[in-house]
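Here's the structure, in structure tokens; my notes come after.
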Amino acid sequence: MAAPSVKAVRGWSGLALGVRGVVLRLPGLTQVRWSRYGPEYQDPRIDGEYYRKPMAKLTEEEKYERELRKTQLIKAAPATKTSSVFEDPVVSKFTNMMMKGGNKVLARNLMIQTLEAVKRKQFEKYHAASAEEQATIERNPYTIFHQALKNCEPVIGLVPILKGGHFYQVPVPLADRRRRFLAMKWMITECREKKHRRMLMPEKLSHELLQAFHNQGPVIKRKHDMHKMAEANRALAHYRWW
Amino acid sequence: MRERSGTPNLHESVGTMLKGMARLISRVHKVKHGEQQEGQHYNIPHQDLKTVFPHGLPPRFLMQVKTFSEACLMVRKPALELLQYLKNTNFAHPAVRYILYGEKGTGKTLSLCHVVHFCAKQDWLILHIPDALRWVKNCRDLLQSTHNKQRLDQPLEASTWLKNFKTSNERFLSQIKVQEKYVWNKRESTEKGSPLGEVVEQGITRVRNATDAVGIVLKELKRQSSSGLFHVLVAVDGVNALWGRTTLRREDKSVIAPEELALIHHLRKMVKNDWNGGAIVLTLSQTGSLFKPRTAYLPQELLGKEGFDALDPFIPILVSNYSPKEFESCIQYYLENNWLQHEKAPTEEGRKELLFLSNANPGQLERLCAYL
């Protein structure tokens with residue numbers, strides 16, 4: 001179903017080397033998303049460890065790689081990717097999905113207020129619990145966040161397939177990135193719509209994350225509904241051809 | 001390097017609950033604060049929190065107190081300096097004014113609270129105005145004052161302040177006697193010689209007269225502080241409110257100047273150094289200030305010419321960001337309370353990054369560590 005990557009046809013006259021110019025137009029295929037970088041552009045290396053290694057400790061391959069990167073073209077690193085030790089790609093992705101109208105400042109503030117709210121709630125529970133329960137209570141907001149999103153990921157999804165003039169909902173295995181996307185999307189939609197008008201996003205989101213961490217709550221229920229629908233439509237599974 | 005005493009919990013009061021956590025940071029007794037305790041945390045018992053600080057602690061600090069179920073303040077140089085001066089005050093001389101100034105988030109309010117707690121333990125009478133800036137903005141009802149037709153009353157703010165004043169200074173209210181007769185209205189009056197507690201009660205119950213009650217309390221304390229029976233500490237946070245501008249308007253949309261507010265007028269008289277028998281500790285604050293640029297933090301900039309002249313002469317005390325020793329101590333405190341939950345936070349790189357991101361600013365560091 002995914003559109004195959006379309007190779008660029010580079011025009012020689014006047015275009016900068018490596019920038020995609022006229023793209024080969026295949027009939028029936030529309031380019032959905034592409035980057036202005038050609039295939040010879042390498043991804044940048046952001047981690048500080050790579051650059052701080054002294055020259056003496058490098059192996060032959062690493063020395064060769066370093067020399068090679070000096071001549072290669074490298075893409076520009078995005079502003080959101082930092083070499084910070086506290087950076088988390090999942091948190092960044094979630095913040096981007098929460099963002100509206102490009103207001104990253106607001107989205108990031110909401111995210112850090114959510115993490116703080118989760119942490120404070122867990123600390124309260126910890127102080128109120130007895131010694132045996134204290135060992136089970138998780139206080140790290142990042143582990144709770146990751147585990148909650150993992151618990152919300154569906155295993156199997158439904159896809160509308162056109163057959164004989166009707167669209168049938170066919171159960172289909174989902175790719176990893178689609179699952180992660182669905183988990184985050186459901187969490188955000190749930191927190192945006194099903195809350196009291198005066199309740200703030202961090203409060204609601206922290207509540208939902210804690211519920212999802214314990215495998216309860218509306219997002220987990222939606223995942224189970226998706227699984228049940230897939231189970232109910234399993235007769236249509238042979239409509240899938242990939 | 002930062003000293004860590006081997007014996008945990010030097011002086012814990014009954015109120016604090018430990019839950020079995022071994023404390024490596026020394027908790028020192030307030031009276032024995034000296035040079036060597038700089039950078040170490042000391043605990044305020046829960047009982048003291050309720051009596052000494054019914055108002056006055058910053059909101060983020062209150063959240064931290066609730067989460068950790070203990071109130072720990074770091075002993076820092078500005079507070080130590082102030083305590084030294086206060087210990088050596090000559091009560092025969094006029095009251096000395098100390099102004100804590102500094103950039104945003106450096107710890108002026110908490111240093112003020114440290115000093116207030118110390119003086120409360122020494123049995124001084126504490127006049128703590130938690131945030132003078134709250135009296136010059138966002139006030140709902142303003143009444144024309146009965147005492148003076150030109151001035152305006154703020155009943156709500158005055159009554160809340162009187163309630164908190166009562167909680168913090170219970171024992172003095174019965175000892176101090178008023179030296180004049182005050183008539184509230186046709187039916188109620190306070191006789192000469194009755195305890196100050198009655199005036200405070202009148203202000204709390206009859207909200208209309210609350211501002212006048214505040215004025216009377218301040219006047220009586222100023223008059224009687226030189227008698228030597230008790231010492232008065234006037235602690236005002238955000239004193240630049242007294243000489244700035246207000247955002248309040250009358251019904252005819254004309255702007256109100258600070259002098260026309262009765263509470264501000266009474267406070268200005270209190271902060272003048274024409275009385276003896278105590279000390280005045282003030283804090284400047286840009287955060288809540290009105291019509292002042294964000295980068296202004298010096299007394300001249302925040303007080304303006306009028307305020308500076310009114311407060312001159314004063315002793316300025318600069319509150320700056322954490323020194324490396326204090327920074328390490330703060331990180332250690334958070335680690336011992338398990339507040340820094342991120343795996344990379346206790347590492348060398350994590351600390352370097354926290355130092356870089358916060359620039360050793362206490363407020364910024366607290367906000368950073370909240371979500372890590």
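Keep in mind that what you see is a predicted model, and the values were worked out from it rather than measured. Each chain gets a letter, A, B and so on, in the order the sequences are listed, and its residues count up from 1.
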Do other residues, nucleotides or ligands put more than 12 heavy atoms under 6.0 Å from the CZ atom of R351(B)?
-> yes
The single option from R120(A), E116(A), K121(A), K119(A) passing side chain to side chain donor-acceptor pair (under 3.5 Å) against T67(B) = R120(A)
Taking side chain as C-beta onward, heavy atoms only, is E124(A) less than 4.5 Å from K66(B)?
-> yes
Might you confirm whether atom NZ of K50(B) has over 12 heavy atoms from other residues, nucleotides or ligands at distances under 6.0 Å?
-> no
Say you draw a straight line from CZ of F123(A) to OG of S69(B); how long is it, rounded to the nearest 0.5 Å?
-> 10.0 Å
Among residues 285-294 of chain B, which ones touch chain A with a heavy-atom distance under 4.5 Å?
-> none
Around atom NZ of K185(A), are there more than 12 heavy atoms of other residues, nucleotides or ligands at under 6.0 Å?
-> no
Would you find more than 12 non-hydrogen atoms of other residues, nucleotides or ligands less than 6.0 Å from K75(A) atom NZ?
-> yes
Would you say K344(B) and E87(A) make side-chain contact, with heavy atoms under 4.5 Å?
-> no
Output for pair (E353(B) CD, S83(A) OG), nearest 0.5 Å, gives 7.5 Å
Over 12 non-hydrogen atoms of neighbours within 6.0 angstrom of OH in Y51(A) = yes
More than 12 foreign heavy atoms under 6.0 Å from NZ of K104(B): is that the case here?
-> no
In Å, rounded to the nearest 0.5 Å, how long is the span from CG of L115(A) to OH of Y371(B)?
-> 9.0 Å
Using a heavy-atom distance cut-off of less than 4.5 Å, which residues of residues 363-370 of chain B contact chain A?
-> E366(B), C369(B), A370(B)
Does CZ in R69(A) sit with more than 12 non-hydrogen atoms of other residues, nucleotides or ligands closer than 6.0 Å?
-> yes
Between Y142(A) and L372(B), which heavy-atom pair has the shortest distance, and what is it?
-> OH-CD2, 3.8 Å
Got a sec: does the NE2 of H207(A) have more than 12 other heavy atoms crowding it under 6.0 Å?
-> no
Classify the angle between the aromatic ring planes of H342(B) and F86(A) as parallel (below 30°), tilted (30 to 60°) or perpendicular (above 60°).
-> perpendicular
